[in-house]
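In what follows, a structure is listed as structure tokens, so that the remarks can point back to it.
These numbers come from the heavy atoms of this one structure, side chains and all, not from hydrogens, waters or symmetry mates. Throughout, a chain's letter reflects where its sequence line sits, starting with A, and its residues are numbered from 1.
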Protein chains: 4
Amino acid sequence: MSPAAEFQWTIRVYYEDTDTGGIVFYANYLKFFERARTEWLRAAGIGQQALAALHRKMFVVMHTAVDYHAPARLDDELKLTVAVERLGRASVQFFQQAWRLTDGQPQLLCTGRIRVGCVDTETLRPGAIPTEVLAKIQTKPA
Amino acid sequence: MSPAAEFQWTIRVYYEDTDTGGIVFYANYLKFFERARTEWLRAAGIGQQALAALHRKMFVVMHTAVDYHAPARLDDELKLTVAVERLGRASVQFFQQAWRLTDGQPQLLCTGRIRVGCVDTETLRPGAIPTEVLAKIQTKPA
Amino acid sequence: MSPAAEFQWTIRVYYEDTDTGGIVFYANYLKFFERARTEWLRAAGIGQQALAALHRKMFVVMHTAVDYHAPARLDDELKLTVAVERLGRASVQFFQQAWRLTDGQPQLLCTGRIRVGCVDTETLRPGAIPTEVLAKIQTKPA
Amino acid sequence: MSPAAEFQWTIRVYYEDTDTGGIVFYANYLKFFERARTEWLRAAGIGQQALAALHRKMFVVMHTAVDYHAPARLDDELKLTVAVERLGRASVQFFQQAWRLTDGQPQLLCTGRIRVGCVDTETLRPGAIPTEVLAKIQTKPA
């Protein structure tokens, strides 16, 4: 699979992302993946602040499974991919990757499966994804 | 000034707190200081979740000034101090320190002045600290 | 499974751990789990700073799988458990849980499987867990 | 002072940046400011990974003073500015701001003075900024 095939978001590794092992702290890939999902949503016309304000709904993460293949370091530029693996009425499962382009050669650093559920902002009870949001996700080429 | 003179809270340095420089990432001392303030409040009988629920008030940080004297590293045990420097009707200024006890000798790592203001949880507008909360702060030996 | 059956570590939820959804940010459970593993290692007589200094080895996270069952909130006290599921020559797989004790009743918030590998601190290449470290892990009642 | 007058770096506010107060967690402005300083250095041709590898030097933060004027929220786009206030042989003091452009009108959210010192990567002892790095900083229009 090529990193060019899907929605991509580029980030840089800063001091805040690293740990004393000299590499990116593993939990931070969940942040990187979320930044990419957020921008993917934004590209589909979905803002999460608006989702909460208009529909009283928000997405919460229900499950994550992440494999760490190679470490990233300070100043590295990473490409993050977003692909929808499964779209339900109340949840979305994403498959995501983090790549580094070193001398033009992509190296796969990390892959993740992230399942998010739609919940009420107050009760946190699961609920259907609002129709217009679902439509935007379905029609988005990913 | 001795670290024994005031309210103290002890924390450990974990991987999450460090950066690729091999030391604690400087911004994290703000987190450490807040953990100590939170426990100081709790020791005074003030819970912030309850403060929001009962009084619709919360404390927000308005100003921080921090000096970094010496670095902390993975596995270090730090003592954090809390002292009230100035208590207003709508704000509290704290003076805080982070120490490491190395071979029984305290070494000062970091000092901070943190000013927090009391605000409405919805509007975020400044407001007086609730009387019963103020009383608890005033009578707390610090 | 009861939270009392294994090594436990208690933490508090601070502002730093939460997000605008009003709950603990999901990625932070990886930090909580690591704090518990670190204290479990420390209780077994293994310091990670010393591991790096003496053996030029460190543990890096290779895989995480986390399920989020119920949210935690500001001021909550969480119990974290640590159990070794599989101990290899170069890796350890942990099963971990996060519980909240509400009115004396434990509620399961989050479960995780975390696999860490032993690597050289410079090359990051996998290597055997040092014998004396392995012995301490094996004899630890968990 | 206009946000257009200096080096600027744009970031987005994600869930990871917010807290249960519904706003950006104050300590995170230090991260935002550092991202902007890092990109300012990069624009001047200075990479921090290379600085460590070639010169065995790194910049560490010695002092921060931050004022919080107005809160940022999820999905906000922030403009961060970087200006050198004082350039010494072994330290640099920056003045930085965080702005939000709301309906085309810039609103000042946060200002900070950050002093960084140049230190040896191993001993962490202060040392002169390497001449070629100093030259790049001096000639950079900021």
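Looking only at side-chain heavy atoms (C-beta outward), D/P71 and B/V60 stay at 4.5 Å or farther from each other.
Neither the backbone nor the side chain of D/V119 comes within contact range of chain B; no heavy atoms are under 4.5 Å apart.
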Distance-only criterion, 3.5 Å: which donor-acceptor pairs connect chain D and chain B?
from	atom 1	to	atom 2	distance (Å)
D/Y26	OH	B/E34	OE1	2.4
D/Y26	OH	B/R37	NH2	3.4
D/E34	OE1	B/Y26	OH	2.4
D/R37	NH2	B/Y26	OH	3.4
D/M62	O	B/Y68	N	2.9
D/H63	ND1	B/V66	O	3.3
D/H63	ND1	B/D67	OD1	2.9
D/T64	N	B/V66	O	3.0
D/T64	O	B/V66	N	2.8
D/V66	N	B/T64	O	2.8
D/V66	O	B/H63	ND1	3.3
D/V66	O	B/T64	N	3.0
D/D67	OD1	B/H63	ND1	2.9
D/Y68	N	B/M62	O	2.9

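With chain D as the partner, the residue from B/L30, B/V61, B/I23 showing the most heavy-atom pairs under 4.5 Å is B/V61.
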